[in-house]
Amino acid sequence: MTGGGKLTASARLMEQNERLFRCPICHGAMKVEEGKSLLCDAGHRFDLAKQGYANMLTHPSKTKYDRRMFDARRMMNEAAFFEPLLVRLSEIIARRLKTDVMAERVYMLDAGCGEGSHLTDLRRKVSRFGAEDVLGVGIDISKEGVQMAARDDRSNLWYVADLAKPPFSDKSFHFILNILSPSNYAEFGRLLTDDGVLLKVIPGSGYLKELRAKLYDRDDRRAYSNEQTVELFERHFELEAQETIAYTVGLSPEQLAHLVYMTPLSWGAEEEQILQMLNDHPITEMTCEFSILTGRKKGN
């Protein structure tokens, strides 16, 4: 660091882990400068926002994910909607930490972190198994989501970034989480250590089936199959395990509204139809079904 200014907690954490960073433009190494920005040798600069995150996008990006959706997902996470899934993921990670030989500090990337609640919760759960030196790093293409994450959690690192150009060095992460989000398997392979683990969570066939039945009459929207997603995963990674987590959750009318606005399933429905369902035909119980795909880089 140059200069003598006092570092914020986020800037200090970035400086302590400078080896993680690679310029998304020229791929050069980066350093924290004066606690205010990430700067590469070629002069490409990405400023740290006051909330503690950095915007590492190389060009503007549009997304349908907005503040209402992220607020809704945070509310559902606080209501334990994802709790059994997150418990199982933390168990898988903790088991790997006990059986695999890894570095003293373990780095975990949440690719598509949204407003950060999953990564924050998972890191807390994993630490309860005795794995305290785990650093979480979250990236998302949505600035609104990352702003929320950085505002509420300064113990992890947060970045607005594109999965096609993640600002990190080769073999930086021991775990990559990809929870209900798009993938970039080429970059995942580059970012994972040789003994690293990719944990991808995808919907199961029964995921939110009650909501699908209310919103869509056509069979192609009511039914869901994840077979193509699993096949794509296997083309790029060695599939070590696939398991299903299924449970039902009771919903209050308020929670149902949060759920509807949390999921992209509602994007294909008219607002009038959504309001009618919420007011006239509320769903009081919802099915959650997820598949957890555990993979390693092929050849390792």
Side-chain angles (χ1 to χ4, degrees), residues 1-71 73-74 105 107-120 123 134-173 176-178 181-182 184 186-188 190-191:
M1 182 192 78
T2 60
K6 185 178 179 181
L7 289 176
T8 64
S10 298
R12 185 181 303 109
L13 194 56
M14 289 186 196
E15 187 181 62
Q16 292 170 351
N17 296 279
E18 281 180 337
R19 71 160 195 85
L20 284 178
F21 302 107
R22 186 183 91 163
C23 178
I25 297 174
C26 70
H27 300 170
M30 307 193 79
K31 290 187 177 297
V32 176
E33 185 187 61
E34 298 183 347
K36 297 178 180 179
S37 58
L38 279 162
L39 180 69
C40 78
D41 293 338
H44 300 123
R45 183 188 302 272
F46 300 89
D47 293 334
L48 276 61
K50 63 181 180 180
Q51 294 94 335
Y53 71 93
N55 188 334
M56 308 290 282
L57 290 177
T58 58
H59 55 81
S61 180
K62 293 182 179 180
T63 174
K64 286 187 175 182
Y65 297 91
D66 58 16
R67 181 60 183 263
R68 180 169 71 168
M69 176 186 173
F70 290 126
D71 281 335
R73 193 174 92 160
R74 171 152 292 180
R105 167 164 277 188
Y107 294 89
M108 181 164 60
L109 174 68
D110 186 353
C113 65
E115 88 309 337
S117 57
H118 290 340
L119 180 60
T120 296
R123 184 168 175 263
V134 177
L135 177 63
V137 179
I139 65 171
D140 200 281
I141 203 167
S142 170
K143 181 179 177 180
E144 286 186 313
V146 173
Q147 283 178 327
M148 292 175 64
R151 180 197 66 200
D152 296 339
D153 181 358
R154 298 297 177 94
S155 64
N156 293 311
L157 293 174
W158 308 99
Y159 302 94
V160 184
D162 189 342
L163 275 183
K165 295 181 179 180
F168 306 116
S169 304
D170 296 356
K171 300 182 180 181
S172 290
F173 296 98
I176 292 180
L177 308 169
N178 189 223
S181 295
N184 187 312
E187 285 300 302
F188 290 169
R190 181 181 71 80
L191 295 175

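Atom-to-atom distance recorded for I139:CD1 and I176:CD1 is 8.5 Å, nearest 0.5 angstrom. Remark: L109 CG to Y159 OH distance equals 11.0 Å, nearest 0.5 Å.
The shortest distance between side-chain heavy atoms of M69 and E144 does not fall below 4.5 Å. Within the 4.5 Å cutoff, the side chain of T58 has no heavy atoms near those of the H44 side chain.
No side-chain donor-acceptor contact under 3.5 Å links S169 to the backbone of S172. One N or O on the side chain of W158 and one on the backbone of D153 form a donor-acceptor pair closer than 3.5 Å.
The shortest heavy-atom contact between L135 and S155 is CD1-O, 3.8 Å. Closest heavy-atom contact between A111 and N178: O-ND2, 3.1 Å. Here the closest heavy-atom approach between residue K143 and residue Y53 is recorded as CE-OH, 3.2 Å.
Look at E15 and R12 and you find no salt bridge, because none of the NZ, NE, NH1 or NH2 atoms lies under 4.0 Å from a carboxylate O.
A side-chain donor from one of E115 and S117 sits under 3.5 Å from a side-chain acceptor of the other.
The side-chain contact (heavy atoms from CB on, under 4.5 Å) test with F46 singles out one residue from V160, I25, L57, and that residue is I25.
Ring-plane geometry between F173 and F168 is classed as perpendicular, the angle between the planes exceeding 60 degrees on a 0 to 90 degree scale with a lower cut at 30.
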